[in-house]
Amino acid sequence: MEEASASSLCNDVPNLLSFFIDTFVDFSVSGLFLLPPPSPPVENPNFASVSEPSSPLSRFVPALQTRLPSPDRLIAIGDLHGDLEKSKQAFRLAKLIDESDRWIGGSTTVVQVGDVLDRGGEELKILYLLEKLKRQAARSGGTIITMNGNHEIMNVEGDFRYVTRPALDEFKVWADWFCLGNKMKSLCRGLEKPKDPFEGIPSAFRGVKEEFFDGFKARIAALRPNGPISSRFLSQNVTVLVVGDSIFVHGGLLPQHVTHGLERINEEVRDWINGLSGRRSPAYCRGREGLVWSRKFSNESAQNCDCSALEHVLSTIPGAKRMIMGHTIQDVGINGVCDNRAIRIDVGMSKGCINGLPEVLEIEGKRSGLRILTSNPLHQNNNSSSVGMEKDEGLGLLVPENQPKQVEVKA
């Protein structure tokens, strides 16, 4: 009996060592100690109930949740674009994390509508923070759902037009530690030899300065389909989501997307990120009509928003009352058009955008009431020192369609 236990322990040593190395690499890159990852994927019991064509991987990974019931409290957060401090401010504004960045949101459900990547220099740190908070929230009965924006899709495709120098440096640091971890694993008998993350990546790039070559190589290695970062973090993202009576999408959900199938969209994008369907993203993720690119409902001029198309989409999804989206910066803050059936929550908070003051949208589940939580001092009561204020629903929650209007607030 003792010999069997000792043998079992010895068999576990390589996996324990691998976990230690991964934890060491994570801490070196992000400064965070992450909890052990979830158990290995098991066969998805709902696979047979999905009517659309599926990839082989779909049978063995947990199904992405496309439709959720209304939680007691729902928070929607817009584009973060590589600004770690503004990201934390948005979470604190909604009383989701404390000053030590620990989850205090209880059973709250949070939806972040994408565009964590590009324009800022702390993209990886945000991805790691979100992963840590997902695990902490789950232990408290809460949920954090992250979504794909157009910039996630672009980076997996290798389109780095909006990458900053600090971001390239961050990925170079990641690559150095990741490769060191792989070398350590290769010395351990009993562990499979790690795959070279740079396999097939050129050493030079036309039109790119030589000083950026290493950063480009690291970013491609990390984010290409089935890359270590894309498969670990981005493959967990959904591309379209229905929570209670709210539809979430980064750009805009159009009739053809509904016809294609919401669950099918999430499954196909996930499988593409996991390296199962080529280099290019699905067609519905590209172009002006792509659901992560469309601005039909987010143009700052209300007259240019296609309310008839919006109504058509909402009518095809049972119970849907509104669409909540990011992608297009709203200088006036979170606002709504089409009788508040289209809610736009990208306030350009990143320093790489317009350095806007953080705002988040709060939805109360039972009565589907909407509030905007803002750090904008224009909305702060003169007698209050509180950072997070609320735009009061009874005083005109969202911006009227004719012109922006400031509303009174209370602490």
Side-chain angles (χ1 to χ4, degrees), residues 49-53 63-71 74-76 78 109 111 113-114 145 147-150 238-269 282-328 330 334-346 361-372 393 396-402:
S49 66
V50 179
S51 59
E52 292 87 355
L64 292 171
Q65 291 185 292
T66 300
R67 303 170 196 261
L68 297 171
S70 293
L74 174 61
I75 295 291
T109 294
V111 179
V113 297
I145 302 167
M147 302 190 70
N148 289 310
N150 60 306
V238 294
T239 307
V240 61
L241 178 69
V242 181
V243 183
D245 53 13
S246 298
I247 301 170
F248 291 88
V249 65
H250 183 72
L253 191 68
L254 303 180
Q256 63 265 31
H257 304 143
V258 181
T259 301
H260 190 81
L262 306 190
E263 285 82 4
R264 184 179 177 184
I265 286 171
N266 282 336
E267 186 178 285
E268 289 175 348
V269 174
Y284 48 75
C285 287
R286 305 195 302 267
R288 296 179 62 182
E289 298 285 291
L291 75 173
V292 295
W293 285 97
S294 175
R295 302 186 195 271
K296 279 185 179 291
F297 318 128
S298 58
N299 193 294
E300 284 196 272
S301 175
Q303 299 93 304
N304 294 331
C305 294
D306 193 339
C307 296
S308 61
L310 175 66
E311 286 297 327
H312 176 68
V313 171
L314 294 177
S315 69
T316 60
I317 299 177
K321 292 182 179 179
R322 67 186 69 86
M323 189 180 298
I324 299 171
M325 66 213 77
H327 186 46
T328 304
Q330 308 293 313
I334 293 175
N335 66 84
V337 295
C338 302
D339 293 326
N340 290 341
R341 305 269 272 172
I343 314 294
R344 297 92 67 83
I345 65 171
D346 178 10
L361 181 69
E362 180 182 58
I363 305 176
E364 295 180 6
K366 292 182 180 178
R367 63 185 185 91
S368 194
L370 305 178
R371 292 190 300 178
I372 299 169
E393 182 182 9
L397 166 68
L398 301 171
V399 175
E401 298 192 9
N402 294 328

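- Residues passing the side chain to side chain contact (heavy atoms under 4.5 Å, CB included) test with Gln256, sequence neighbours excluded: Leu254, Glu289.
- Remark: Thr259 pairs with no residue by the side chain to side chain donor-acceptor pair (under 3.5 Å) rule, at least two apart or across chains.
- Screening residues 243-260 for salt bridge (charged side-chain N to carboxylate O under 4.0 Å, His left out) gives Asp245-Lys321, Asp245-Arg322 as the qualifying pairs, with residues at least two apart or on separate chains.
- Scanning both residues, Val243 and Pro69, for their nearest heavy atoms gives CG1-O, 3.8 Å.
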Quiz item: Which is it for Val242 and Phe248 under the side chain to side chain contact (heavy atoms under 4.5 Å, CB included) test, yes or no, and what are the steps along the way?
Solution: CA-CA 6 Å; Val242 181; Phe248 291 88; over 6 Å; no

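- Residues passing the side chain to side chain contact (heavy atoms under 4.5 Å, CB included) test with Asp346 are Asp79, Ile329, sequence neighbours excluded.
- Note: Met325 CE to Gln330 CD = 9.0 Å, rounded to the nearest 0.5 Å.
- Annotation: the span from Asp306 atom CG to Ser294 atom OG amounts to 9.0 Å, rounded to 0.5 Å.
- Side-chain atoms of Arg344 come within 3.5 Å of backbone atoms of Asn299 as a donor-acceptor pair (strictly under, hydrogens ignored).
- Shown here are the side chain to side chain contact (heavy atoms under 4.5 Å, CB included) partners of Thr316, two or more places apart in sequence or in another chain: Val258, His312.
- Summarising the geometry of Gln65 relative to Val238, their closest heavy-atom pair is O-CG1, 3.8 Å, with the distance given to 0.1 Å.
- Closest heavy-atom contact between Ile317 and Leu262: CD1-CD1, 4.0 Å.
- One finds the CG atom of Leu74 at 11.0 Å from the CD atom of Glu364 (value rounded to the nearest 0.5 Å).
- Atom-to-atom distance recorded for Leu370:CG and Asn340:CG is 7.5 Å, nearest 0.5 angstrom.
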Practice problem: Go through Ile343 and Val337 one step at a time and tell me if the side chain to side chain contact (heavy atoms under 4.5 Å, CB included) criterion holds. | Solution: CA-CA 7 Å; Ile343 314 294; Val337 295; over 6 Å; no

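- Remark: side-chain polar atoms of His250 are paired, donor with acceptor, to backbone N or O of Val113 under 3.5 angstrom.
- Between His260 and Tyr284, the ring planes lie tilted relative to each other; the angle falls in the 30° to 60° range.
- Glu268 places no side-chain N or O within 3.5 Å of a backbone atom of Asn266 that could act as its donor or acceptor partner.
- Formation of a donor-acceptor pair under 3.5 Å by the His327 side chain with backbone atoms of Trp293 is found in this model.
- No side-chain heavy atom of Ile75 sits under 4.5 Å from any side-chain heavy atom of Thr109.
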Self-check item: side chain to side chain contact (heavy atoms under 4.5 Å, CB included) between Val292 and Thr239, intermediate numbers included
Solution: CA-CA 8 Å; Val292 295; Thr239 307; 4.1 Å; yes

Practice problem: Could you walk me through whether His257 and Val240 pass the side chain to side chain contact (heavy atoms under 4.5 Å, CB included) test, one step at a time? | Solution: CA-CA 10 Å; His257 304 143; Val240 61; over 6 Å; no

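- Remark: Cys338 SG to Cys305 SG, distance not under 2.5 Å.
- With values rounded to the nearest 0.5 angstrom, Leu64 atom CG is found 10.5 Å from Glu263 atom CD.
- Residues passing the side chain to side chain contact (heavy atoms under 4.5 Å, CB included) test with Leu314 are Ile247, Leu310, Ala320, Arg341, sequence neighbours excluded.
- The distance from the CD1 atom of Ile372 to the CG atom of Asn335 is 7.5 Å, given to the nearest 0.5 Å.
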